[in-house]
Amino acid sequence: MEGFIAYLESIQFWHWWILGIVLLVFEMLVLGTYFLLWLAAAAGGVGVLLLIAPGTTWQLQLIVFGVLSVSAIAAWQFWQRKNPPEVDENTLNRRGAQYVGRMASLEDATENGVGKVRIDDTFWKVATRDGTDLAAGTQVRITGADGIVLQIESA
């Protein structure tokens, strides 16, 4: 135990910087969650503290590391809640949703608001939201997808 305490008392600023670099590398190669990034920043901060005040005890170094780590992680979580990342709506595995906004021509007249259109090489069942009938060849805009049925409106 005395050897471990002697080691803790001999820690220099560059030990903290190396710990920070190791944490950064581990974050980049393994996790990708930004969690260890803040621990690495805290380790770098303690290294700067030791560079400025080399007589800082190892107990105070650990306390500063803990406070900086928790503060940085809490600040990141707060910032993430206030500024969520912008994500496009994922339409993978929802092929019909990929066509929302496209224009198409009705293949046949709709009956009771239901008909079909050809998009690229596929025929799709379509339905108007209000059940109105449209003539064959009418230009329609796809406004949504409900399973395999595309929702349309007259363009």
Side-chain angles (χ1 to χ4, degrees), residues 1-104 113-131 139-155:
M1 184 70 159
E2 290 178 18
F4 182 67
I5 299 222
Y7 172 74
L8 290 176
E9 291 173 348
S10 69
I11 289 179
Q12 301 292 316
F13 68 92
W14 56 270
H15 290 106
W16 285 103
W17 289 354
I18 289 174
L19 174 63
I21 291 169
V22 167
L23 289 169
L24 278 176
V25 168
F26 193 69
E27 173 71 37
M28 289 187 294
L29 295 178
V30 178
L31 291 180
T33 61
Y34 296 107
F35 181 76
L36 293 181
L37 172 70
W38 305 114
L39 297 179
V46 175
V48 169
L49 172 69
L50 272 180
L51 190 61
I52 295 170
T56 306
T57 64
W58 65 269
Q59 294 93 340
L60 184 59
Q61 292 174 39
L62 291 178
I63 290 170
V64 170
F65 177 71
V67 168
L68 287 176
S69 296
V70 169
S71 299
I73 291 169
W76 172 250
Q77 293 295 321
F78 178 76
W79 189 85
Q80 278 289 94
R81 280 192 208 110
K82 291 286 185 181
N83 305 300
E86 294 180 21
V87 178
D88 291 338
E89 185 176 336
N90 189 356
T91 57
L92 184 66
N93 295 330
R94 294 187 308 140
R95 187 170 171 206
Q98 296 174 3
Y99 297 127
V100 173
R102 284 185 64 175
M103 302 293 287
V114 178
K116 65 179 177 178
V117 296
R118 182 180 180 143
I119 300 175
D120 299 330
D121 61 348
T122 306
F123 287 99
W124 286 84
K125 184 176 181 181
V126 295
T128 58
R129 293 198 187 272
D130 56 3
Q139 282 291 107
V140 294
R141 176 178 292 112
I142 300 166
T143 59
D146 184 18
I148 61 169
V149 178
L150 300 177
Q151 301 297 319
I152 60 168
E153 66 182 18
S154 180

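The structure displayed is predicted, hence computed values, not measured ones.
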Worksheet entry | Leu37 and Leu24, any side-chain heavy atoms less than 4.5 Å apart | yes
Worksheet item: If you take all heavy atoms of Ile148 and Trp124, which pair is closest and at what distance?
Response: O-CE3, 3.6 Å
Output side-chain donor-acceptor pairs under 3.5 Å for residues 48-60, partner residues at least two apart or in another chain, one line each.
residue: Thr56; atom: OG1; partner: Ala53; partner atom: O; Å: 2.7
residue: Thr57; atom: OG1; partner: Leu60; partner atom: N; Å: 3.3

Worksheet item: Any side-chain heavy atom of Val140 sitting closer than 4.5 Å to one from Val126?
Response: no
Worksheet item: Which distance, rounded to the nearest 0.5 Å, do you find between the CD1 of Ile152 and the CD1 of Ile142?
Response: 8.0 Å
Worksheet item: Could you state the interatomic distance from CG (Leu23) to CH2 (Trp38), rounded to the nearest 0.5 Å?
Response: 13.5 Å
Worksheet item: Between Glu27 and Tyr34, which heavy-atom pair has the shortest distance, and what is it?
Response: OE2-N, 2.6 Å
Worksheet item: Is any side-chain heavy atom of Lys125 less than 4.5 Å from a side-chain heavy atom of Lys116?
Response: no
Item to complete: Give a yes or no on whether Phe123 atom CZ has more than 12 heavy-atom contacts from other residues, nucleotides or ligands under 6.0 Å away.
Response: yes
Practice prompt. Mind jotting down which residue pairs meet the side-chain hydrogen bond (donor to acceptor under 3.5 Å, both in side chains) criterion with at least one end in residues 62-82? Sequence neighbours excluded, please.
Written response: none
Worksheet item: So, the side chain of Trp17 versus the backbone of Gly44: is there a donor-acceptor pair under 3.5 Å, distance only?
Response: yes
Worksheet item: What's the spacing between Glu153 CD and Arg141 CZ if we round to 0.5 Å?
Response: 5.5 Å
Discussion item. To check you understand the geometry: which heavy-atom pair defines the closest contact between Ala42 and Leu68, and what is its length?
Written reply: CB-CB, 3.6 Å
Worksheet, complete the sentence: Output for pair (Phe13 CZ, Ile18 CD1), nearest 0.5 Å, gives 9.5 Å
Worksheet item: So with a 6.0 Å cut-off around CG of Leu29, is the heavy-atom count from everything else above 12?
Response: yes
Discussion item. Show, in sequence, the C-alpha distance, side-chain angles and deciding distance for Leu39 and Ile73, and conclude whether the side-chain contact (heavy atoms from CB on, under 4.5 Å) test is met.
Written reply: CA-CA 8 Å; Leu39 297 179; Ile73 291 169; 4.1 Å; yes
Worksheet item: Is the shortest heavy-atom distance from the side chain of Leu150 to the side chain of Ile119 under 4.5 Å?
Response: yes
